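Notes for the one structure printed next.
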2 protein chains.
Amino acid sequence: MKTSVINSTQTSGQAYGATDKEIESSKANQATIAYRLLKQDIINGAYQPGDKLLMSHLKSHYEIGAGPMREALSQLVADRLVTAISQRGFRVAEMSEEELTDIYDARAHLEALITGLAVERGDEDWEAEVLGEAHKLSRVNEVNTPEEMLEIWDSRHKSFHQSIVNGCGSSKLLELRASLLDQAERYRQLWLKQTVFSQNALEEKRQEHAELVDALLNRDKARAAELMYHHILSPIAIIKERLPG
Amino acid sequence: MKTSVINSTQTSGQAYGATDKEIESSKANQATIAYRLLKQDIINGAYQPGDKLLMSHLKSHYEIGAGPMREALSQLVADRLVTAISQRGFRVAEMSEEELTDIYDARAHLEALITGLAVERGDEDWEAEVLGEAHKLSRVNEVNTPEEMLEIWDSRHKSFHQSIVNGCGSSKLLELRASLLDQAERYRQLWLKQTVFSQNALEEKRQEHAELVDALLNRDKARAAELMYHHILSPIAIIKERLPG
DNA sequence: TTATTTAAAAATATCTACATTTTTTACTAA
DNA sequence: TTAGTAAAAAATGTAGATATTTTTAAATAA
């Protein structure tokens, strides 16, 4: 068997963002490998919205056969990152202001709902976890490159929010949230660059997070939900400016 | 090309429950056909929870090759109706009281949220639609067989609820709702038989629906959301009784 | 000429049949 | 029993065949 560089690299290292979708068995099959790589490349903008995903290119570029590649693509269709037309292949899903609004509206309402549940249902471990993650996020300072800064801040910011919603006690709601987050990811990237490299913007976020933590630990459900709702919606304006088209 | 009976039947008739996932092009490919058939069979109980989905059986039974069949199966894994273990194939997802509680808890919160939005955002057309569907549902009477009764009542009941949530103006939230509904479907079937064939239960539902319509048309957001929340949760007790194991 | 239709060719998507790898089962010997 | 091993079954992947769409070019009509 021909072992490609890509394959061996992938299968050896445990995937970072392994969603609960593929808990079982770390040795992934070709379709799973293709799914991860392609998803990452779409989110990171290696392919532009509307780009045709040519089977011949995908096959050679990822060194994966047509069968497994189709499997990956049709999963990405379910994730709304790719669109398919029968007999005409696959394309990277378009981005639009309408979709941006739709996704963020849904995210804000869902995240507020989940936050409210977390306030009701979260235990002391949850409180500790939130506090810890908030602390780590507030201490993103000693970094070398701007790229590193962006990566670290984003990672800790995500962990902070994840720690909050983890208190909700509903794995189904967390799955739905994860699905929306995936769909928002390409839009979020536009906001991220703007925010992380602006001291003003960062300070504003720091403030919002502090208020959020305060409401959470004081078990003020209504206020926490309200703060979260607006916190989620706040990037929309920035993203609209930077949205191509 | 060999055209199987299954294939020709499927491709000719427009599929009923075509989710927006595959809007484009009615002439579905083999993977889509397999997905629809298999999903229906799992929901209808043709395969039991935990059953192994043997490739050799699936191939011969649906007259579809391994490639497209894998594609369909991995979509069903994303839908949580099937589980996969790498190199060990696919199984029908197990059912459990824990999952039942999880799904219905999430559904109740989400449906209440969406209902609240519908009250805020729904226009007159929405009101009219809700009223119309409520009327149709209340008039499920002149039917022949019990099976027909079940089918018609379920269909109209679903349409009634769909007409309510359609007012929310968020296609993303509606997609999430549809996903949960799919996951709930096998549990719902257990409740449905109990409910449709009991005059008491039907009357109770009729009452709840009437209250719901009243709250909706009076634009009483809080009451509508509250009623919806409990309406969704109400089947849990019945389902728990009938849940195998 | 310019636009439109038609026909052939090329490119592409999709499927099937077969090959390979992995797991499971059955059997044997300690 | 238990461990080990060979055979069978099953899952997964590949290559090539087939069907469909798109492109190109030629032919026709305005």
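Keep in mind the model is a prediction, meaning the values are calculated, not measured. Sequence lines set the chain letters: A, B, ... in the order given, protein chains first and strands last, and positions in each chain run from 1. Values below: every heavy atom of this structure, side chains too, minus hydrogens, waters and symmetry copies.
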Nucleotide of C/dT12, D/dT20, D/dG13 approaching A/Pro68 most closely (side-chain heavy atoms):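 Given the options C/dT12, D/dT20, D/dG13, the side chain of A/Pro68 is closest to D/dG13.
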With the side chain of A/Asn29 defined as its heavy atoms from C-beta on, choose the nearest nucleotide among C/dC15, D/dT12, D/dT21. D/dT12
Between [atom2] on [N] and [atom1] on [X], what's the gap in Å once rounded to a whole number?
{"X": "B/Arg91", "N": "D/dA11", "atom1": "CZ", "atom2": "P", "answer": "10 Å"}
{"X": "B/Met69", "N": "C/dA17", "atom1": "CE", "atom2": "P", "answer": "14 Å"}
{"X": "B/His57", "N": "D/dA11", "atom1": "NE2", "atom2": "P", "answer": "12 Å"}
{"X": "B/Ile85", "N": "D/dT12", "atom1": "CD1", "atom2": "C1'", "answer": "15 Å"}
{"X": "A/Arg88", "N": "D/dA19", "atom1": "CZ", "atom2": "P", "answer": "19 Å"}
{"X": "A/Leu73", "N": "C/dT14", "atom1": "CG", "atom2": "C1'", "answer": "13 Å"}
{"X": "B/Phe90", "N": "D/dA11", "atom1": "CZ", "atom2": "C1'", "answer": "9 Å"}
{"X": "B/Met55", "N": "C/dT23", "atom1": "CE", "atom2": "C1'", "answer": "15 Å"}

How many angstroms lie between [atom1] in [X] and [atom2] in [Y], if you round to the nearest 0.5 Å?
{"X": "B/Glu71", "Y": "B/Leu76", "atom1": "CD", "atom2": "CG", "result": "11.5 Å"}
{"X": "B/Leu37", "Y": "B/Met69", "atom1": "CG", "atom2": "CE", "result": "8.0 Å"}
{"X": "B/Arg186", "Y": "B/Met95", "atom1": "CZ", "atom2": "CE", "result": "5.0 Å"}

Indicate whether OP1 or OP2 belonging to C/dT14 is found under 4.0 Å from a side-chain N or O atom of A/Arg70.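 A/Arg70 to C/dT14 OP1/OP2: side-chain N or O found under 4.0 Å.
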Presence of A/Lys52 side-chain N/O under 4.0 Å of C/dA13 phosphate oxygens OP1/OP2: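 Yes, A/Lys52 has a side-chain N/O under 4.0 Å of OP1/OP2 on C/dA13.
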Does a side chain donor of either B/Arg177 or B/Gln162 reach within less than 3.5 Å of an acceptor in the other side chain?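 Short answer, yes.
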If we only count heavy atoms from C-beta on, is the A/Ile239 to A/Arg188 side-chain gap below 4.5 Å?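 Of all side-chain heavy-atom pairs linking A/Arg188 with A/Ile239, none is under 4.5 Å.
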Sorted by position of nearest nucleotide on DNA chain D, 5' first, the leading residue of A/Gly65 and A/Gln87 is A/Gly65
If you look at every strand shown and take non-hydrogen atoms under 4.0 Å, does B/Lys59 touch a base, only sugar-phosphate, or nothing? nothing
